[in-house]
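A note on names: the letters A, B, ... follow the listed sequences, proteins ahead of strands, and every chain is numbered from 1.
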Number of protein chains: 2
Amino acid sequence: MGDLELKPAHGAAQDAGTPRGRRRGGGGALRIPQPTIERLSTYLQCLRQLERTGVATASSADIAERTGINAAQFRKDLSYFGDLGTPGLGYDVPKLQAHLSHAMGLREPHNTVLVGTGNLGAALAAYSGFRDRGFSIVALFDADPDKLGQVINGLIVQDPDLLPKLNADLRADIGIICVPAASAQIVVDKLVAAGIRAILNFAPITISVRTGIIVRNVDLTSELEVLSYYLRAK
Amino acid sequence: MGDLELKPAHGAAQDAGTPRGRRRGGGGALRIPQPTIERLSTYLQCLRQLERTGVATASSADIAERTGINAAQFRKDLSYFGDLGTPGLGYDVPKLQAHLSHAMGLREPHNTVLVGTGNLGAALAAYSGFRDRGFSIVALFDADPDKLGQVINGLIVQDPDLLPKLNADLRADIGIICVPAASAQIVVDKLVAAGIRAILNFAPITISVRTGIIVRNVDLTSELEVLSYYLRAK
DNA sequence: GTCTGTGAACGAATTCACAGCT
DNA sequence: AGCTGTGAATTCGTTCACAGAC
């Protein structure tokens, strides 16, 4: 009671507690369903590829064929963002790509910090795909004294206790957690104290954050367990 | 036309085309919603931890508090599997854990093969969490001649063309794809040809599989993009 | 009194189907 | 004719609320 309202964050992305969500800020743009946001990223992936191939125009049916997402679904998803297509013709690929990128906040790059430089953490730190899409990892942290000072992909592994101090300069808004389950909550608290507002959590445990902090969980073993379910009984 | 019915697999897990899904096989056990299956894995995570801590019994409210999932949701999810709790008391933790493990097909271990031993692939190959939970990676593949013969975590990196031959012995049913987007579909086809029935795809592209093959996509950049969306406008 | 299991109510998301623009 | 944008219909999932078990 009265200790600042912590909440276990379940589900893909959870802003731990927007009341029951009607509109945003002062404006009035209506709330967009989370499944739509997730598909947007898929559309972008597809559009970037079409752009690379030099395709100028695509219909909702074209996109549907390439992504496996229903064409009506695609059009409905886009309708949240205004009239982006041309009846009889389809969508201008580069224009749509730019528009969606903007809508997703991908116009300017995001700085991220990563905590936990074990196998997975080190691999992500070295993964170029993040930077290519505008997510730069700008600092690495690990509580293990053996790892401190180690250099991975040009970044020095530092003490997580330095997070608040260092992030005052770095201004990262996303934190990636790759520590064991047992230390995940401690790390979460340090990230939040450092001003991090969004967390990508790879630790296989439910973490708690205060209202306004966004959490997304990726549990790799869980993914395999779901596959196992669909494999069973045969 | 007529080339054996390929389908882009969108969404978390997709058995590419069960008609419109009423019941399964001959039995009659009713279809369980995919969100339920995904939460089951979360419950298991929680139950294993409770078990380690020596907690013998937990109510749906206890689980709700720990996982952030609504208590009624938990009870409804479990109700698909029969009466597992005791009114007035709650759930027997070890018993429920065992029952859910069984229901998810986690009773005996699964063999998996991993294709693509770049940063991410190598990290997953070395990750002990998979084996601990019954998913053993039993073979590694990479088309890059420089990587062939390399040893990672005790396994030799082999040519993906050997997949069908080798998997005749290995009998893996799950394949993990960690190759670049450009080669993902080729790898998918080789995995399926080798008898793999479920795929965990880390390549940021939509892959196509024939009916009956289960695909789950994990797109790490997409996860960051979704966070970006919720960070924008502030 | 406590807590489960579940029908019923509700709410959310997908898909249909068509009016209207090019 | 071709394709978008969208209200209406449908399907699906969640939450409520309570009867019944302990």
Side-chain angles (χ1 to χ4, degrees), chain A residues 10-14 17-23 30-40 42-43 47 55-93 95-96 99-100, chain B residues 10-15 17-23 30-40 42-43 47 55-93 95-96 99-100 103:
Chain A
H10 166 260
Q14 196 108 329
T18 307
R20 289 238 158 207
R22 174 94 285 122
R23 60 199 62 235
L30 80 163
R31 216 190 120 277
I32 296 168
Q34 181 164 316
T36 294
I37 301 303
E38 292 174 359
R39 284 189 298 266
L40 249 36
T42 304
Y43 303 147
L47 290 165
V55 177
T57 277
S59 69
S60 61
D62 293 336
I63 304 286
E65 191 179 4
R66 283 180 168 75
T67 61
I69 297 167
N70 182 298
Q73 180 79 77
F74 174 76
R75 296 198 301 275
K76 169 90 56 181
D77 284 342
L78 292 199
S79 75
Y80 291 110
F81 299 95
D83 294 15
L84 303 176
T86 312
L89 240 163
Y91 299 83
D92 179 299
V93 170
K95 210 164 281 182
L96 182 58
H99 194 106
L100 293 185
Chain B
H10 165 260
Q14 195 107 331
D15 175 350
T18 307
R20 290 240 156 204
R22 175 92 284 123
R23 60 199 60 234
L30 80 161
R31 215 189 120 277
I32 295 168
Q34 181 163 315
T36 294
I37 302 303
E38 293 173 359
R39 285 189 297 266
L40 249 36
T42 304
Y43 303 148
L47 290 165
V55 177
T57 279
S59 68
S60 59
D62 293 335
I63 304 286
E65 190 179 5
R66 282 180 168 74
T67 61
I69 297 167
N70 181 298
Q73 180 77 76
F74 174 76
R75 295 198 302 275
K76 169 90 55 178
D77 285 340
L78 292 199
S79 74
Y80 291 110
F81 300 94
D83 294 16
L84 304 176
T86 312
L89 239 163
Y91 299 83
D92 179 300
V93 170
K95 210 164 280 181
L96 181 58
H99 193 106
L100 293 186

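The structure places CD of A:E38 at 11.0 Å from CG of A:D77, a figure rounded to the nearest 0.5 Å.
Between the C1' atom of C:dA13 and the CD1 atom of A:I69 lies a distance of 14 Å, rounded to the nearest Å. When the P atom of C:dC16 is taken as reference, atom CZ of A:F74 falls 17 Å away, rounded to whole Å. Residue B:D77 contributes atom CG, which lies 13 Å from atom C1' of C:dG5 at whole-angstrom precision. Distance OH (B:Y43) to P (C:dT4): 13 Å, rounded to an integer number of Å. Atom CG of B:D92 is separated from atom C1' of D:dC22 by 15 Å (rounded to the nearest Å). Between B:R31 atom CZ and D:dC12 atom C1' there is a gap of 9 Å when expressed in whole angstrom units. D:dG2 atom C1' lies 12 Å from atom CG of A:D62, rounded to whole Å. Atom CD of A:E65 and atom P of D:dC3 are 12 Å apart (whole Å).
Side-chain proximity of B:Q73 to C:dA13, D:dT14, D:dG5: nearest is D:dT14. The side chain of B:A72 has D:dA17 as its nearest neighbour among C:dA13, D:dA17, D:dG5. Looking at the side chain of A:N70, the nearest of the listed nucleotides D:dA17, D:dG5, C:dC16 is C:dC16. Among the nucleotides D:dC18, D:dT15, D:dG7, the one closest to the side chain of B:R75 is D:dC18. Across C:dT14, D:dT6, D:dG13, the shortest atom-to-atom separation from the side chain of A:S79 is found for D:dT6.
Scanning for ring-ring contact (aromatic ring centres under 6.0 Å, His included) contacts around A:F74 gives A:Y43, A:Y91, with sequence neighbours left out. Listed by chain and residue number, nothing satisfies the side chain to side chain donor-acceptor pair (under 3.5 Å) test with B:T67 (two or more places apart in sequence, or in another chain). With sequence neighbours excluded, the residues forming a side chain to side chain contact (heavy atoms under 4.5 Å, CB included) with B:A71 are B:S60, B:A64, B:R75, listed by chain and number.
Residues B:D92 and B:T57 come closest through the heavy atom pair CA-OG1, 4.4 Å. When all heavy atoms of A:I32 and A:T36 are compared, the closest pair comes out as CG2-CG2, 3.6 Å. Listed here is the closest heavy atom pair of A:V93 and A:V55: CB-O, 3.5 Å.
A:L84 comes within 4.0 angstrom of the backbone, heavy atoms only, and of no base.
Within the 4.5 Å cutoff, the side chain of B:L100 has heavy atoms near those of the B:L78 side chain. Between A:I69 and A:I63, every side-chain heavy-atom pair lies at or beyond the 4.5 Å cut-off.
Direction change of the helix axis from one end of the helix from C:dG1-D:dC22 to C:dT22-D:dA1 to the other is 0°, with five pairs defining each end axis (rounded to 10°).
Residues A:T36 and B:K76 both approach DNA chain C. Their nearest nucleotides, taken by heavy-atom distance, put B:K76 toward the 5′ side.
Taking 4.0 angstrom as the limit, A:R39 places a side-chain polar atom (N or O) nearer than this to OP1 or OP2 of C:dT14.
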Check the interface with nucleotides 1-3 of chain C: list each N/O to N/O pair with the protein under 3.5 Å, or write none.
| unit_1 | atom_1 | unit_2 | atom_2 | d |
| --- | --- | --- | --- | --- |
| C:dC3 | O4' | B:G88 | N | 3.2 |
| C:dC3 | O2 | B:G88 | N | 3.3 |

Report, one line per pair, each donor and acceptor closer than 3.5 Å where one atom sits in a side chain of residues 79-87 of chain B; sequence neighbours left out.
| unit_1 | atom_1 | unit_2 | atom_2 | d |
| --- | --- | --- | --- | --- |
| B:S79 | OG | B:K76 | O | 2.6 |

